[in-house]
Amino acid sequence: MKFFIDTADLKEISEAHALGVLDGVTTNPSLMAKSGITGQQNILAHYVKICEMVEGDVSAEVIATDFAGMVREGEMLSELHPNIVVKVPMIADGVKALKYFSGKGIRTNCTLVFSAGQAILAAKAGASMVSPFMGRIDDTNWDGVSLIEQIVGIYGNYGFATEVLAASIRSSLHIVQCAEVGADIVTCPLSSITGLLKHPLTDVGLEKFLADYRKGNPV
Ligand code: G3P
C-alpha cells in the first residue's frame, strides 16, 4: 500500500519524506488556501516545489468545471513536472475529461467520489486513481471503509487498472482499515502517519531496556 500525504504544507511533506515512507502527495484548493498559497502563479510554483521534494505522484487539482476548461488546465498542470497527476472532480464534464486525458497518456486522480457507482464511472473513463473520501462518509454516519472495500472488490472483478486511493483519512486506524481491505494508496494527514508509530508498550519497553542497560553500564 502506497502512502501519500494530503497537504500543501512543505514542512509536513518534508517530515513525512524524512521518515522514508512517502510515496506521493495530494493537494486540493482547500489545502492550498490553508497553507496560504493563493494566486495561480504561486499555486503552480508550489506544485513544482512539491515535485522537487518528493519522488512520486503529486496530485494537482483543476479549478475549471467545464470540459474545455478542465482539458486546458489539466494539460497545463501535466506539463509542470512528469510526476503531476491531474485531479478532476466526479462530475459529467470531469468524466469526459478523464477519458480525454486517458487517451493522451495524462495521469489522473478522480476526486470527490462518495459511491461505488461513481468509482465505476471513473474507472470506465480510464482514471489512473479514484479518491473515495472515507472520512466524509463517516461524518454522515455511513461506513467509509466499507466503500473502500466495495470499490476494491468491484475493480478486482473486472481487472480495472484504476488504483483505489483512500482519501479524507482522519486517523491511523483508518490507514490500518484501508490496508485490511486492500486499498492501493492512502492519502493522509501527517498526524495519521506518525500516529502509526505509537504504542504505550513500545515506550514502556524501551524505557525498561535503557534503564537495565544503564544499571550494568553506569556513567
Ligand atoms: O484528499 C481529500 C481530503 O483532502 C479531504 O479530506 O479531511 O477535508 O475530508 P477532509
Side-chain angles (χ1 to χ4, degrees), residues 1-13 15-17 21-38 43 46-47 50-51 53-54 56-63 65 70 73-74 77 83-91 94 97-98 107-116 118-119 121-123 127-152 162-179 181 183-196:
M1 186 170 71
K2 286 184 265 187
F3 274 30
F4 288 0
I5 188 165
D6 194 27
T7 186
D9 183 314
L10 299 182
K11 201 160 155 280
E12 290 184 359
I13 293 170
E15 198 177 322
H17 183 54
V21 298
L22 193 62
D23 300 299
V25 180
T26 51
T27 59
N28 62 40
S30 306
L31 292 169
M32 281 287 182
K34 190 174 162 197
S35 287
I37 316 296
T38 55
I43 290 173
H46 201 72
Y47 285 138
I50 295 174
C51 288
M53 287 173 71
V54 177
D57 297 328
V58 175
S59 287
E61 188 157 341
V62 297
I63 302 300
T65 53
M70 281 189 250
E73 239 184 285
L77 289 169
N83 290 354
I84 289 282
V85 175
V86 178
K87 209 169 176 187
V88 175
M90 172 37 75
I91 54 177
L98 290 170
R107 301 179 68 232
T108 51
N109 172 359
C110 180
T111 190
L112 289 167
V113 166
F114 294 91
S115 75
Q118 291 177 322
L121 268 182
S128 314
M129 300 167 199
V130 67
S131 287
F133 278 30
M134 63 184 296
R136 292 193 197 181
I137 296 274
D138 284 358
D139 292 344
T140 62
N141 291 325
W142 288 82
D143 183 14
V145 75
S146 298
L147 175 61
I148 305 295
E149 185 173 25
Q150 194 183 13
I151 297 170
V152 168
T162 306
E163 290 185 290
V164 180
L165 191 174
S168 185
I169 296 268
R170 300 279 171 77
S171 66
S172 305
L173 178 61
H174 268 164
I175 298 177
V176 174
Q177 289 174 322
C178 285
V181 300
D184 299 291
I185 311 163
V186 281
T187 188
C188 333
L190 179 62
S191 59
S192 301
I193 299 174
T194 55
L196 292 171

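Just so you know, ligand 1 is whichever comes first in the structure, and atom 1 is the first atom listed for that ligand.
Looking only at heavy atoms of the protein, atom 8 (O) of ligand 1 is closest to R136 NH2, 2.8 Å. The protein atom (non-hydrogen) at minimum distance from atom 7 (O) of ligand 1 is R170 NE, 3.1 Å. Of all protein heavy atoms, the one closest to atom 6 (O) of ligand 1 is S168 CA, 3.4 Å. Atom 3 (C) of ligand 1 has its closest protein heavy atom at D6 OD2, 2.9 Å.
Contact atoms of ligand 1 toward A167: 1 (O), 2 (C) (distance under 4.0 Å to a heavy atom of the residue). Remark: ligand 1 atoms within the under-4.0 Å shell around heavy atoms of F133 are 2 (C), 5 (C). If you number the atoms of ligand 1 from 1 as listed, the ones under 4.0 Å from a heavy atom of N28 come out as 3 (C), 4 (O).
Across all their heavy atoms, S131 and N109 have their closest contact at OG-OD1, 2.7 Å. Between A183 and I148, the shortest heavy-atom contact is CB-CG2, 3.9 Å.
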Would H46 and L10 count as a side-chain contact (heavy atoms from CB on, under 4.5 Å) if you check the C-alpha gap in whole Å, the side-chain angles of each, and the deciding distance to 0.1 Å?
CA-CA 9 Å; H46 201 72; L10 299 182; 3.7 Å; yes

Show your working on side-chain contact (heavy atoms from CB on, under 4.5 Å) between I5 and L22 and close with a plain yes or no.
CA-CA 7 Å; I5 188 165; L22 193 62; 3.8 Å; yes

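Using a distance-only test at 3.5 Å, with no hydrogens or angles considered, no donor-acceptor pair links the side chain of S128 to the main chain of T162. Under the 3.5 Å distance criterion, the side-chain polar atoms of E12 are left unmatched by any main-chain donor or acceptor of P189.
With a 4.0 Å heavy-atom cut-off, ligand 1 is reached by no atom of T111.
Where the criterion is an N or O separation shorter than 3.5 Å, residue side chain and backbone included, T26 fails it with respect to ligand 1.
Under the 4.0 Å criterion applied to side-chain N and carboxylate O atoms, D138 and R170 are not assigned as salt-bridge partners.
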